[in-house]
Amino acid sequence: LIDSEGGIYEEAIAVQLTSEEGAAIYYTVDGNEPTIDSTQYSNPVFISQDTNLKFFAVDKAGNAEGVHLEKFFISVLSGIEITSETTIVTTYKDTIQFTATGTYENIDNKDISSMVSWICSNPDVATIDENGLLTAVKSGSYAIEIGAKAGEIASNKIPVLINIPVALEAIEILPNY
């Protein structure tokens, strides 16, 4: 039995193989058919790149099962691009939705907006939540930058203009002497 089926993974994995008690498991990761002269399983198989894991078990009586094949594709995030439909906020508490798209080595790009850490250059002026929704929280005119990060991979930065008129709270008219 295998604890992680073949497929696409976004990071290296350790695959555990198990069999009936007393059975020996033999495996290869180089594409060759395993034999009893192949590596005998004793610890999880670390897979950090595209790999065809082939394995089979032999019980104490010497009965061998058929060879199993699991194909693993490790798709490493190589870049992040963030986008939005607008970059100007003119109303207090107005919002802008940002989207983060991950570029991967072996698979199509995909939306990773909820997986990145969002960064606002001035959180006193605008906040950005875990899904990339920016909210203007201060009146005035400010230029800020929005970015995102996943591990060591940083996105492009998008300049945003916050231009919210300051509300007039009171006018005092003094006599002119």
Side-chain angles (χ1 to χ4, degrees), residues 1-18 27-31 43-55 68-171:
L1 298 173
I2 187 167
D3 74 334
S4 301
E5 292 184 1
I8 299 172
Y9 292 83
E10 293 178 11
E11 58 187 22
I13 61 169
V15 177
Q16 293 184 11
L17 304 173
T18 57
Y27 71 94
T28 62
V29 293
D30 60 5
N43 293 309
V45 180
F46 185 72
I47 297 179
S48 62
Q49 62 186 14
D50 294 354
T51 300
N52 288 335
L53 174 61
K54 295 181 178 182
F55 60 95
H68 300 274
L69 168 63
E70 295 290 338
K71 296 181 179 187
F72 293 88
F73 300 94
I74 307 300
S75 187
V76 178
L77 179 66
S78 60
I80 303 169
E81 180 180 3
I82 61 171
T83 57
S84 70
E85 291 186 16
T86 184
T87 58
I88 299 174
V89 177
T90 58
T91 307
Y92 181 72
K93 294 289 185 179
D94 201 6
T95 61
I96 298 175
Q97 181 65 58
F98 286 86
T99 302
T101 302
T103 303
Y104 290 85
E105 293 176 359
N106 299 333
I107 60 174
D108 293 334
N109 296 347
K110 69 178 190 175
D111 185 340
I112 59 170
S113 298
S114 63
M115 297 189 235
V116 297
S117 297
W118 289 96
I119 303 161
C120 177
S121 65
N122 191 340
D124 293 333
V125 172
T127 60
I128 190 160
D129 72 11
E130 67 276 0
N131 295 308
L133 184 65
L134 176 129
T135 304
V137 295
K138 188 172 184 181
S139 298
S141 185
Y142 307 94
I144 62 172
E145 286 186 326
I146 300 301
K149 194 171 185 181
E152 297 299 314
I153 311 264
S155 73
N156 56 311
K157 292 182 180 171
I158 295 183
V160 175
L161 177 62
I162 307 291
N163 195 9
I164 302 171
V166 177
L168 183 60
E169 293 182 16
I171 296 178

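Since the structure is predicted, the reported quantities are computational estimates derived from the model, not experimental observations.
- The minimum heavy-atom distance linking Ile13 with Ser4 is given by the pair CD1-CB, 4.2 Å.
- Remark: His68 NE2 to Leu53 CG distance equals 10.5 Å, nearest 0.5 Å.
- With values rounded to the nearest 0.5 angstrom, Ile96 atom CD1 is found 5.5 Å from Leu134 atom CG.
- Remark: side-chain polar atoms of Ser121 are paired, donor with acceptor, to backbone N or O of Glu145 under 3.5 angstrom.
- Counting only heavy atoms from C-beta outward, the side chains of Ile162 and Ile144 approach each other to under 4.5 Å.
- Across all their heavy atoms, Thr87 and Pro159 have their closest contact at CB-O, 3.4 Å.
- In this structure a side-chain-to-backbone donor-acceptor pair under 3.5 Å is present from Trp118 to Ser113.
- In this structure, the side chains of Thr99 and Ile82 stay at 4.5 Å or more apart for every pair of heavy atoms.
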Might you work through the side chain to side chain contact (heavy atoms under 4.5 Å, CB included) test for Glu70 and Glu5, ending with a clear yes or no? CA-CA 6 Å; Glu70 295 290 338; Glu5 292 184 1; 4.1 Å; yes
Is there a side chain to side chain contact (heavy atoms under 4.5 Å, CB included) between Ile119 and Ile146 once you walk through the steps? CA-CA 6 Å; Ile119 303 161; Ile146 300 301; over 6 Å; no
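- Counting heavy atoms from C-beta outward, Phe98 and Thr83 have side chains that stay 4.5 Å or more apart.
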Step by step, work out the side chain to side chain contact (heavy atoms under 4.5 Å, CB included) result for Thr18 and Asp3. CA-CA 8 Å; Thr18 57; Asp3 74 334; over 6 Å; no
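- No donor-acceptor distance shorter than 3.5 angstrom exists from the side chain of Lys93 to the backbone of Ala136, with no hydrogens or angles considered.
- Under the 4.5 Å side-chain criterion, counting only non-hydrogen atoms from C-beta, Tyr9 is not in contact with Glu11.
- Between Val116 and Ile80 the shortest side-chain heavy-atom distance falls below 4.5 Å.
- Annotation for Gln49: atom CD does not count as buried by contact number, only 12 or fewer foreign heavy atoms lying within 6.0 Å.
- In this structure, Gln97 contributes its side chain and Asn131 its backbone to a donor-acceptor pair below 3.5 Å.
- With hydrogens and angles disregarded, a donor-acceptor distance shorter than 3.5 Å links the side chain of Ser155 to the backbone of Ala148.
- Between the side chain of Asn122 and the backbone N or O of Asp124, at least one donor-acceptor pair lies under 3.5 Å.
- Contact record, Ala100 with Asp111: O-OD1, 3.3 Å, taken as the closest heavy-atom pair.
- Asp50 places a side-chain N or O within 3.5 Å of a backbone atom of Ile74 that can act as its donor or acceptor partner.
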Please step through side chain to side chain contact (heavy atoms under 4.5 Å, CB included) for the pair Val160 and Thr86, ending with a clear verdict. CA-CA 8 Å; Val160 175; Thr86 184; over 6 Å; no
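- The closest side-chain heavy-atom distance from Asp94 to Tyr92 is not below 4.5 Å.
- Put simply, the side chain of Ile88 reaches to within 4.5 Å of the side chain of Thr90, judged on heavy atoms.
- Atom OG of Ser141 is separated from atom CG of Asn163 by 4.0 Å, given to the nearest 0.5 angstrom.
- Side chains of Val89 and Ile164 form a contact here, defined as non-hydrogen atoms less than 4.5 Å apart.
- Annotation: the span from Thr51 atom OG1 to Phe72 atom CZ amounts to 8.5 Å, rounded to 0.5 Å.
- Tyr104 carries Lys110 over the face of its six-membered ring, with the cationic atom under 6.0 Å from the centre and within 45° of the normal.
- Nearest heavy-atom pair, Lys71 versus Asn52, reported as atom, atom and distance to 0.1 Å: CG-OD1, 3.1 Å.
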